[in-house]
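A short write-up of the structure that comes next.
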Amino acid sequence: MKKEIVSELVGIVGEDWVVTDLSQMQSYLYDETELKIRPRACEDCVVVKPATAEEVSSIAKTANRHLVPIVPRGGGTGLCGAAIPTVPSIVLSLERLNRIVEFDSKNLMITVEAGVTLEGLLEEMKKHDKLFFPVHPGDEGAQIGGMVAENAGGVRAVKHGIMRNHVRGLKVVFPTGELVNLGGKMIKNNMGYDLLHMMIGSEGTLGIITEVTLKLYAKNPYVGTLLVCFDTTQEAADVVAEILQAGITPLAIEYMDREMALVSAEHMGLTYPATQGSVDLMFILDEASLDDLYAKCERIVEMCEANGAVDSLIAETTQDQRTLLEIRSNVYTAYKENLADSLDIAVPPASVPALLNDLKAIAKKYNTTAPAIGHIADGNMHNYIMLENGKLPDYLDDIRNDMYMAALKYGGTITAEHGTGKTRKKHMDQQFTDREIEIMRGIKKAFDPNHILNPGTIID
Ligand SMILES: Cc1cc2nc3c(=O)[nH]c(=O)nc-3n(C[C@H](O)[C@H](O)[C@H](O)COP(=O)(O)OP(=O)(O)OC[C@H]3O[C@@H](n4cnc5c(N)ncnc54)[C@H](O)[C@@H]3O)c2cc1C
């Protein structure tokens with residue numbers, strides 16, 4: 001990185017917050033994308049750690065003057081290579097923007113700086129025990145800014161939805177350096193085009209988020225986790241719509257091929273409680289009374305048994321619930337070393353049973369299994385394609401394309417929550433028309449005329 005750029009950055013944030021030494025920079029160059037398919041990071045970078053939105057703005061102006069790219073960096077937990085700098089870049093870490101700005105109980109909202117981690121937000125919420133924030137991607141090291149930039153989903157979207165449903169206001173530095181406030185503490189706002197929602201899911205390509213206002217929800221005091229075991233994928237998949245139609249809306253309905261739960265439990269040194277069956281549905285329910293909680297669990301079990309369930313277990317203690325969630329959340333980490341790719345496709349929820357059937361047939365065609373885990377009530381499945389003898393299998397591109405085409409056939413998407421980033425960018429034309437991509441390029445140019453913000457991500 002050019003000396004004059006480094007010295008301008010030092011002038012903005014101070015010497016202590018500019019990293020040029022490669023060994024200290026390493027942990028800022030990669031994210032959690034599967035090792036064999038993640039893009040190679042460019043090492044000609046500088047890491048800068050501003051403490052205020054004004055410093056972020058000055059850095060953007062410097063980058064524009066020198067036409068050097070900026071890659072915003074949150075917690076580095078992303079799964080699509082979006083935070084990996086692939087050309088000489090300023091890696092702008094938001095970690096020092098980590099203050100809770102305001103807890104506003106009357107509006108049921110909280111405002112935090114973008115570098116507050118999910119763990120930090122959850123700690124803060126413990127102080128306000130009547131309200132909670134629902135979105136929970138598996139890794140609590142994710143930052144709130146990163147969760148907005150990736151429009152994160154996670155296990156609890158069934159009842160409350162994804163990040164987009166909860167973001168009310170953003171403070172953003174545009175790539176050209178202007179600091180703006182988008183949205184606010186409003187429930188309704190129809191003035192002009194909605195730039196706030198353009199930022200959500202833009203993966204650090206349209207603006208640098210420095211502050212986020214989130215909607216909070218009244219907390220139901222009684223939480224239970226129910227595990228229901230089936231012999232076949234189809235039996236498990238078929239019952240989900242029936243449960244939702246019955247007016248039962250759990251926080252989460254997760255699908256797991258048993259082998260994945262067992263691998264994760266072993267990796268975590270935990271015991272998986274289920275032994276019968278080969279696939280599981282995990283339900284997390286939050287209810288206003290213990291009676292409601294038990295009644296809904298019983299109703300779910302009845303419907304599952306009528307659909308062939310072979311066993312069911314309820315985790316009532318906080319510890320048992322945490323154990324199950326930990327096993328679920330760590331499946332990716334447990335498999336990561338042996339993974340070629342983990343897919344993130346989604347279809348309309350009613351099409352999941354048919355999709356799962358198709359995915360099994362596709363895996364069989366390539367003589368493999370591609371085990372599945374997923375947020376089944378959201379229609380979002382993660383199929384794992386494994387390495388073979390430590391190498392990417394020859395059929396990786398073909399099986400992935402077949403699975404993507406299966407999702408698109410049902411009106412689905414190639415990525416539901418993990419993002420396009422740098423790894424899925426090459427598949428944009430499978431999902432979008434030329435005209436749609438051209439309009440996206442126009443949007444990018446309008447926000448970022450010098451193309452300095454996270455180049456190589458989503459579109460060129
Ligand atoms: C074990 C595991 C489980 C996961 N489970 C889920 C899951 O269930 N659901 C889900 O949705 N995701 C999941 N993820 C993915 C990941 O946690 C989310 O994508 C998360 O939102 C990324 O946040 P981050 O702060 O780590 O962002 P990073 O990885 O640092 O960055 C991601 C992108 O956001 C941009 N960015 C970061 N901060 C900002 C900012 N302040 N302003 C502008 N752009 C910014 C970066 O440039 C990059 O393009 C999981 C990841 C792991 C490792």
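Order of listing sets the numbers, starting from 1, for every ligand and every atom in it.
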Run the salt-bridge test on [X] and [Y] with the 4.0 Å N-O cut-off and return the result as yes or no.
X      : Y      : value
Glu388 : Lys391 : no
Lys61  : Glu8   : no
Asp31  : Arg38  : no
Lys49  : Asp16  : no
Lys425 : Asp460 : yes
Glu287 : Lys296 : yes

Taking N or O atoms only and a 3.5 Å limit, does [X] qualify as a polar contact for ligand 1?
X      : answer
Asn454 : yes
Gln143 : yes
Ala142 : no
His136 : no
Asp31  : no
Pro72  : yes
Leu94  : no
Leu79  : no
Gly138 : yes
Gly141 : no

Contacts of type side-chain contact (heavy atoms from CB on, under 4.5 Å), residue Glu259, not counting sequence neighbours: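 Testing Glu259 for side-chain contact (heavy atoms from CB on, under 4.5 Å), a comparison that skips the adjacent residues, returns Asp257, Tyr335, Pro371.
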query: Which bit of Ala152 is near ligand 1, meaning a heavy atom under 4.0 Å away: side chain, backbone, both or neither?
result: both
I'd like to check which ligand 1 atoms, numbered from 1 as shown, lie under 4.0 Å from a non-hydrogen atom of [X].
X      : answer
Ala114 : 41 (N)
Glu32  : 53 (C)
Ala149 : 34 (O), 35 (C), 36 (N), 44 (N), 45 (C)

Non-hydrogen atom of [X] closer than 4.0 Å to ligand 1:
X      : answer
His375 : yes
Ile208 : yes
Gly207 : yes

Give me the nearest non-hydrogen protein atom to [atom] as residue plus atom name, then the distance to 0.1 Å.
atom                    : value
atom 49 (O) of ligand 1 : Glu203 O, 2.9 Å
atom 2 (C) of ligand 1  : Asp139 CB, 4.1 Å
atom 8 (O) of ligand 1  : Gly154 CA, 3.3 Å
atom 29 (O) of ligand 1 : Gly78 N, 2.8 Å
atom 28 (P) of ligand 1 : Gly76 N, 3.6 Å
atom 48 (C) of ligand 1 : Ala82 CB, 3.6 Å
atom 7 (C) of ligand 1  : Glu417 OE2, 3.5 Å
atom 41 (N) of ligand 1 : Ile209 O, 2.9 Å

query: Going by atom types only, do His418 and Glu150 share a side-chain donor-acceptor pair under 3.5 Å?
result: no
Considering residues, nucleotides and ligands other than [X], do more than 12 of their heavy atoms fall under 6.0 Å from its [atom1]?
X      : atom1 : result
Glu337 : CD    : no
Glu266 : CD    : no
Lys336 : NZ    : yes

Between [X] (side chain) and [Y] (backbone), is there a donor-acceptor pair under 3.5 Å?
X      : Y      : result
Gln431 : Ile414 : yes
Asn64  : Pro175 : yes
Ser57  : Glu178 : no

field: Worked verdict on Phe133 versus Tyr217 for ring pair (Phe, Tyr, Trp, His ring centres under 6.0 Å)
entry: CA-CA 6 Å; Phe133 178 69; Tyr217 299 84; 7.7 Å; no
Among [options], which one puts a heavy atom closest to [atom]?
atom                    : options                       : value
atom 11 (O) of ligand 1 : Gly204, Pro137, Gly153        : Gly153
atom 16 (C) of ligand 1 : Asn151, Thr457, Ile162, Thr77 : Thr77
atom 38 (N) of ligand 1 : Gly146, Gly75, Cys80          : Gly146

Sequence-distant partners of His160, side-chain hydrogen bond (donor to acceptor under 3.5 Å, both in side chains), two or more places apart: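 None.
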